[in-house]
Amino acid sequence: MSELLEIEGCVGMSLLVDRAGGRCVATSSWQSEDAMRASESRVPPLRKRLMGAFGATDLTNEEWDVVVMHRLHRAPEGARARVGYLSGDAARADEWGDIFKSLLPTIESFSGFCSASLLLNRDSGRAVANVIFDSETALEQSRDQATRIRTRAAGRMGAEIMDVAEYELAFAHLRVPELV
């Protein structure tokens, strides 16, 4: 992480881990697309080292725009994440941020809520919604209500829910500004 943060334009990294399923999601964030492009020669060796450290055999590298970032407070040790993967009409992708923002007051009212974000890939018409909770208990207690909200939101977005996964937030060192 320290080497990544030394690259000009990097504004942080986070790591989500599903120990039982053997899945990790490592995310780096950049001040701009230009900064991300300028880092392209330096990041692949870091990815390769990360894969080796985790014993990973498969890597998917995707680019996303952060369209919503809302933090109530920093995530503590033991925080958990619920991540929803959606797919829909790329022409409607710009609407998705507004729909997600309209849900934030309800999501923020969940016990143990820390933060929420929405990432978009406008080319593919895919979205990733992340909600961070301060504990596994809070994550579990929100599961049913989150499912109802996600289902309604996907209907409003004209999107299909492709997957929902729950992770341990191993670390989050992100300086992405509030985007609400």
Side-chain angles (χ1 to χ4, degrees), residues 1-5 7 10-30 36 39 43-44 46-87 96-97 100 103-104 107-108 110-121 124 126-147 149-150 153-154 159 161-180:
M1 183 171 90
S2 62
E3 288 180 59
L4 184 70
L5 293 174
I7 299 173
C10 182
V11 294
M13 181 177 179
S14 66
L15 180 67
L16 303 175
V17 178
D18 173 3
R19 294 177 194 277
R23 187 175 179 185
C24 295
V25 178
T27 305
S28 61
S29 298
W30 302 89
M36 182 178 68
S39 75
V43 173
L46 298 176
R47 268 191 216 116
K48 187 174 181 177
R49 285 187 16 221
L50 184 64
M51 287 182 65
F54 289 146
T57 57
D58 185 32
L59 169 77
T60 302
N61 183 41
E62 299 182 69
E63 296 176 4
W64 302 88
D65 292 329
V66 179
V67 296
V68 176
M69 173 62 72
H70 173 60
R71 290 182 194 88
L72 189 59
H73 60 80
R74 294 183 64 85
E77 183 89 15
R80 297 294 192 263
R82 180 174 299 111
V83 182
Y85 301 88
L86 299 105
S87 180
W96 296 355
F100 190 79
L103 300 171
L104 285 176
I107 296 168
E108 189 178 295
F110 290 169
S111 177
F113 171 84
C114 296
S115 65
S117 61
L118 181 70
L119 313 177
L120 289 181
N121 182 314
S124 68
R126 292 183 304 132
V128 177
N130 302 288
V131 180
I132 308 297
F133 294 90
D134 63 12
S135 67
E136 187 170 2
T137 300
L139 178 79
E140 290 169 357
Q141 290 174 344
S142 70
R143 196 172 286 137
D144 291 341
Q145 188 176 4
T147 298
I149 291 169
R150 185 183 322 96
I161 300 167
M162 304 304 293
D163 189 18
V164 177
E166 295 180 350
Y167 298 96
E168 171 188 341
L169 179 61
F171 68 84
H173 183 81
L174 294 170
R175 296 179 306 254
V176 176
E178 183 86 2
L179 298 170
V180 180

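Residues: numbered from 1 along the sequence shown. Keep in mind that the numbers below use all heavy atoms, side chains included, and drop hydrogens, waters and symmetry copies. Just so we're clear, the structure is a prediction, and the values are computed from it rather than from any experiment.
For the atom pair His173 NE2 and Cys10 SG, the distance stands at 8.0 Å (nearest 0.5 Å). Note that the NZ atom of Lys48 and the CG atom of Leu59 stand 12.0 Å from one another [nearest 0.5 Å]. In this structure, NE2 in His70 is found 11.5 Å from OG in Ser117, a value given to the nearest 0.5 Å. Note that CD1 of Ile107 is 12.5 Å distant from CG of Leu72, once rounded to the nearest 0.5 Å. Put simply, OG on Ser29 and CG on Leu119 are 8.0 Å apart, with the number rounded to the nearest 0.5 Å. Taking CG of Leu46 as the reference point, atom OG of Ser28 lies at 9.5 Å (rounded to 0.5 Å).
Phe133 and Phe113 have perpendicular rings, their planes meeting at more than 60° on a 0 to 90° scale where under 30° would count as parallel.
Taking a 6.0 Å sphere around CD of Glu77, one finds it holds 12 or fewer heavy atoms contributed by other residues, nucleotides or ligands.
Taking every heavy atom of both residues into account, Cys114 and Pro76 meet most closely at SG-CD, 3.9 Å. Listed here is the closest heavy atom pair of Leu86 and Met162: C-CG, 4.1 Å. A pairwise comparison of heavy atoms in Thr57 and Met51 identifies C-CE, 4.1 Å as the closest pair. Pairing each heavy atom of Ala116 with each of Phe100, the nearest pair is CB-CZ, 4.0 Å. In terms of heavy atoms, Val83 sits closest to Leu16 at CG2-CD1, 3.8 Å. Residue Gly97 comes nearest to Val68 through the heavy atom pair O-CG2, 3.9 Å, listed as atom of the first residue, atom of the second, then distance.
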*asked:* Checking Trp64 against Arg126 for the side-chain contact (heavy atoms from CB on, under 4.5 Å) test, could you report, in this order, the C-alpha distance in whole Å, the side-chain angles of both residues, the deciding distance, and whether it holds?
replied: CA-CA 9 Å; Trp64 302 88; Arg126 292 183 304 132; 3.9 Å; yes

_Assess the residue pair Trp96 and Leu120 against the criterion (side-chain contact (heavy atoms from CB on, under 4.5 Å)); give the C-alpha distance rounded to whole Å, side-chain angles, the decisive distance to 0.1 Å, and a yes or no._
CA-CA 9 Å; Trp96 296 355; Leu120 289 181; 3.4 Å; yes

*Would you please test Val17 and Tyr167 for side-chain contact (heavy atoms from CB on, under 4.5 Å) and show each step?*
CA-CA 5 Å; Val17 178; Tyr167 298 96; 5.7 Å; no

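In terms of modelled atom types and a separation under 3.5 Å, the side chain of Arg82 and the main chain of Leu139 share a donor-acceptor contact.
Considering only residues two or more places apart in sequence or on other chains, Arg74 meets the side chain to side chain contact (heavy atoms under 4.5 Å, CB included) condition with none of them.
Paired with Arg80 under the rule salt bridge (charged side-chain N to carboxylate O under 4.0 Å, His left out), one option of Glu140, Glu136, Glu166 passes, and it is Glu136.
Considering only heavy atoms from C-beta on, Phe171 comes within 4.5 Å of Met13 through its side chain.
Using a 4.0 Å cut-off between a side-chain N of Lys or Arg and a carboxylate O of Asp or Glu, Arg19 and Glu168 qualify as a salt bridge.
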